[in-house]
Amino acid sequence: MSKSVQKLRGLTGMKDILPGESAQWEQLEQTVRTWLASYGYRNMRTPVLEFTQLFARGIGEVTDIVEKEMYSFTDSLNGDKLTMRPEFTAGLVRASIEHNMLYDRPHRIYSIGPVFRHERPQRGRYRQFHQIDVEALGFAGPDVDAELIIMLARLWRILGLNDVRLEINSLGQSDERAAHRDALIAYLEQHKDVLDEEAQRRMYTNPLRVLDTKNPSMQDMANNAPKLFDYLGPESLAHYEAVCARLDDAGIAYTLNPRMVRGLDYYNLTVFEWVTDRLGAQGTVCGGGRYDGLIEVLGGKPAPAVGFAIGMERLLDLISQDQDQLAVPECQVYVIHQGDSAQRQAMRLAEQLRDQGLTTIVHAGSSGFKSQFKRADASGAVAAVILGESELEQQHASVKWLRADDTQQPQESIAFDQLATYLHAKV
């Protein structure tokens with residue numbers, strides 16, 4: 001008796017995307033690529049694997065991502081410390097520096113793909129998840145900050161999302177953050193009795209992140225803490241007001257959230273999030289901002305930059321709540337046949353249909369007409385092309401409209417040499 005083989009399962013927090021669901025992803029990706037192209041953004045692709053030091057230096061040593069969430073390991077061949085990317089920005093900036101992209105002109109770039117964080121899986125948050133990442137490298141003015149936000153408002157309209165709202169803040173410049181940091185640490189020291197263990201650990205290393213707490217018992221303390229916005233100088237305030245003026249021009253509503261800091265160390269000046277109440281605790285659909293110091297921190301010539309990232313799983317969750325998720329058809333035309341000669345003719349005709357741009361499936365193998373029609377209907381095809389003995393004798397194919405309305409004949413006979421042109425005009 002043969003020994004049973006244990007069935008293997010996927011890793012926790014790493015989700016399989018099956019063909020029916022994947023079609024929705026492809027539709028979203030195509031929409032996003034068209035939207036980004038309309039603003040002059042071009043695709044850039046970087047490796048999933050980078051040196052760990054890139055993220056430690058770029059994201060920040062005392063961020064949650066670097067401290068707790070990165071998938072890191074030591075390369076057994078040469079001892080290099082490597083990490084699977086937890087976000088896109090650091091890798092894209094590294095590549096732009098390495099390939100001297102910013103020495104000639106600014107660049108508008110984007111990337112789409114998986115990122116990895118070791119955190120507790122929950123709704124909208126996985127250990128392998130996917131982001132749409134958009135970066136404007138080499139642009140200093142508030143106009144590009146505003147353009148990115150205006151772009152996003154357009155995307156929400158394209159996708160039919162009406163319930164995503166904008167929150168913005170300014171993190172100022174390093175000297176303003178330093179003055180606020182001193183005041184904030186002094187304030188936190190006076191409220192040690194309400195700080196949880198994590199907040200006490202961060203109090204001196206990354207006090208801004210204490211204000212981003214979700215702990216209910218710390219909310220009053222965080223709300224009454226010194227606000228970074230009150231420490232902004234004239235230039236930082238002018239930048240923020242210029243962004244807001246352009247959002248006002250575009251008719252985009254926003255709320256100042258002085259506690260918003262984002263989870264990465266590299267931000268300065270404008271930060272923003274698009275949030276919703278329909279995804280539970282994981283309400284941020286998109287987040288981003290300006291990070292003028294990162295290029296220099298990673299070894300490049302100082303240059304400004306601003307960008308954002310969208311969580312694709314969360315976005316698809318929102319879309320599915322707002323819209324009926326109709327099954328995406330496998331093909332437009334399904335070819336049914338009976339007999340070896342009919343199958344060979346079916347394959348020849350199918351190539352002609354594909355030459356006309358029609359997605360076409362030829363039924364594989366041999367089975368009865370009834371089961372083939374059931375499979376054709378399940379494929380979502382608009383038309384079934386039928387080839388049997390009589391069709392081969394007459395050199396005509398029968399075309400049955402599977403989604404026929406009152407204006408269409410339920411079935412027609414079309415000459416083989418006219419079939420591709422006919423269906424191209426009709427489908």
Atom CE of Met14 with >12 non-hydrogen neighbours under 6.0 angstrom:
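Yes.
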I'd like to know whether CZ of Phe51 has more than 12 heavy-atom contacts from other residues, nucleotides or ligands below 6.0 angstrom.
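Check fails, neighbour count at 12 or below.
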Basic-acidic side-chain contact under 4.0 Å: [X], [Y]:
X	Y	value
Arg94	Glu98	yes
Asp145	Arg246	no
Arg181	Glu176	no

Distance from [X] atom [atom1] to [Y] atom [atom2], nearest 0.5 Å?
X	Y	atom1	atom2	result
Tyr110	Arg33	OH	CZ	4.5 Å
Ile168	Thr270	CD1	OG1	7.5 Å
Leu92	Arg45	CG	CZ	12.0 Å
Arg127	Leu11	CZ	CG	9.0 Å
Glu330	Thr360	CD	OG1	13.0 Å
Leu237	Tyr240	CG	OH	9.5 Å

Verify whether the ring centers belonging to Phe272 and Tyr254 lie closer than 6.0 Å.
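No - the distance between ring centres of Phe272 and Tyr254 does not fall below the 6.0 Å cut-off.
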